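Both ligands and their constituent atoms are indexed starting at 1 by order of listing. Everything quoted here is computed from the prediction, not taken from an experiment.
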Amino acid sequence: MVDLRSQYLEIKPEIDRNIQEVIDSCAFINGPAVKSFQQDLEKYLNVKHVIPCANGTDALQVSMMALGLQPGDEIISVSFTFIATVEVISLLGLTPVFVDVDPDTFNIDPEAIERAITPKTKAIIPVHLFGQSAPMEEIMEIAGRYNLYVIEDACQAIGSDYYFTDGSSRKTGTIGEIGCTSFFPSKNLGCYGDGGAVFTQDDKIADQLRIIVNHGMAVRYYHDCIGVNSRLDSLQAAILKVKLKHLDEYAQKRREAADYYDKAFSGHPKLKIPYRYPKSNHVFHQYTLVTKNIDRKGLQDYLASKEIPAMIYYPVPLHLQKAFKDSRYKSGDFPVTEALANSVVSLPMHTELDAEQLSHITKSVLEFVNR
Ligand SMILES: *Cc1c(COP(=O)(O)O)cnc(C)c1O
């Protein structure tokens, strides 16, 4: 699904030099590389505060802790996402409230949000799934009307923009109170291990986040609240500093691969190509087709026989997972989510796909669906 080796070889000298520098300095924890990457990312995102942390799941968790959310508070999010988004809601004793998604964008449906709001609702967590923004203008409008926090899960969409009706734009993850991202190796801005970050424009929330990721400590050995230990390694920061410079060019390569796929599959009666939401520029974390009347497992097996991986993101919606069996949800509650889980398939998507690979993939998919 990804080709991290070829991508590394393209930038090897600079990556190796940065890694060696960290090792030579022995500043493994919170070294200058972390601060330097943090500042670069603040500039890139045009956001006041970036707080690096250990992974995207932690980013989501510390965000909810920093906003002071309490057990019993209801948090609205989607069932069609990676579990991390909702896992941390439950872990903190908060109550996840699922809503359905839009069948075209796969992102949270603002009308469904409004129907799910109760007096206990405290926050909305939109996920910018597969690389394009959720409808932030509608979400922020609802949040404003009901006085709710918005925590953006931008783990799959770093670098994509949201275009407001007034013509302005912002990077995803910098529109709500807090944005979260992951630097997991296969993410659009991936490091060589685990990593994550939280973004905010708010000075007070930023201070709280910095304390929480550091054992609840502003002054060494004086603990103001219960926090966690969540840091970005200096080595990972040194790698990310190089890769951030290439992020826009990487997104462009992903878009070119997506354009190739689109051309091959557009108009096919059994394949629906990814909808391009006009208020965002897709950075194609995934290229996800919706299939119609095909044996999806058969397609995966056929592609596997041609050495082409194809993945289902995500085969079981969260509300139907064993982990949430005690929640109030049942099969049939979220028809769009459930239909997508049964019909989507994602093709290889990364920065190193060449014409030969793309041609092999598209031909193989069409061979199967046309027979
Ligand atoms: C990857 C991902 C996460 C979690 O990130 P980790 O760094 O793996 O903890 C959370 N939400 C979404 C939507 C993701 O894709």
Test your reading of the structure: does [X] have an N or O sitting under 3.5 Å from an N or O of ligand 1?
{"X": "D153", "answer": "yes"}
{"X": "G56", "answer": "yes"}
{"X": "S182", "answer": "yes"}
{"X": "Y314", "answer": "no"}

| What part of T81 sits under 4.0 Å from ligand 1 if we count only heavy atoms: the side chain, the backbone, both or neither? |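 Within the 4.0 Å criterion, T81 contacts ligand 1 through side-chain atoms alone.
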
| query | What is the closest protein heavy atom to atom 15 (O) of ligand 1, and at what distance does it sit? | reply |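 Sorting protein heavy atoms by distance from atom 15 (O) of ligand 1 puts Q156 NE2, 2.8 Å first.
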
| message | For atom 9 (O) of ligand 1, what's the nearest protein heavy-atom neighbour? Residue, atom name and distance, please. | response | T57 OG1, 2.5 Å

| Shared ILVMFWY cluster between Y313 and I158, side chains joined below 4.5 angstrom? | no

| task | Run the numbers for me: atoms of ligand 1, each under 4.0 Å from some heavy atom of N55, listed by number. | result |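 Atoms satisfying the 4.0 Å criterion: 7 (O), 9 (O).
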
| Looking at T85, which atoms of ligand 1 are within less than 4.0 Å of one of its heavy atoms? |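 Listed by number with element, the hits are 11 (N).
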
| query | Could a heavy atom of K187 be found less than 4.0 Å from some atom of ligand 1? | reply |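 Per 4.0 Å heavy-atom rule, K187 contacts ligand 1.
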
| query | Where the side chain of R254 meets the backbone of F284, is there a donor-acceptor pair that is under 3.5 Å apart? | reply | yes

| query | Can you check whether A238's main-chain N or O pairs, donor with acceptor, with N18's side chain at less than 3.5 Å? | reply |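 Here the side-chain-to-backbone pair exists.
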
| Would R145 and E141 pass as an ion pair if we require N to O under 4.0 Å? |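 Judged by the 4.0 Å cut-off on N to carboxylate O distance, R145 and E141 do form a salt bridge.
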
| said: Tell me if the centroids of the rings in F183 and F37 come within less than 6.0 Å of each other. | reply: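 They qualify: ring centres under 6.0 Å apart.
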
| Which is it for F324 and F98 under the ring-ring contact (aromatic ring centres under 6.0 Å, His included) test, yes or no, and what are the steps along the way? | CA-CA 11 Å; F324 291 107; F98 293 115; 5.8 Å; yes

| task | Kindly assign one of parallel, tilted or perpendicular to the pair F130 and Y314, based on the angle between their ring planes and the thresholds 30° and 60°. | result |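 Correct class here is parallel.
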
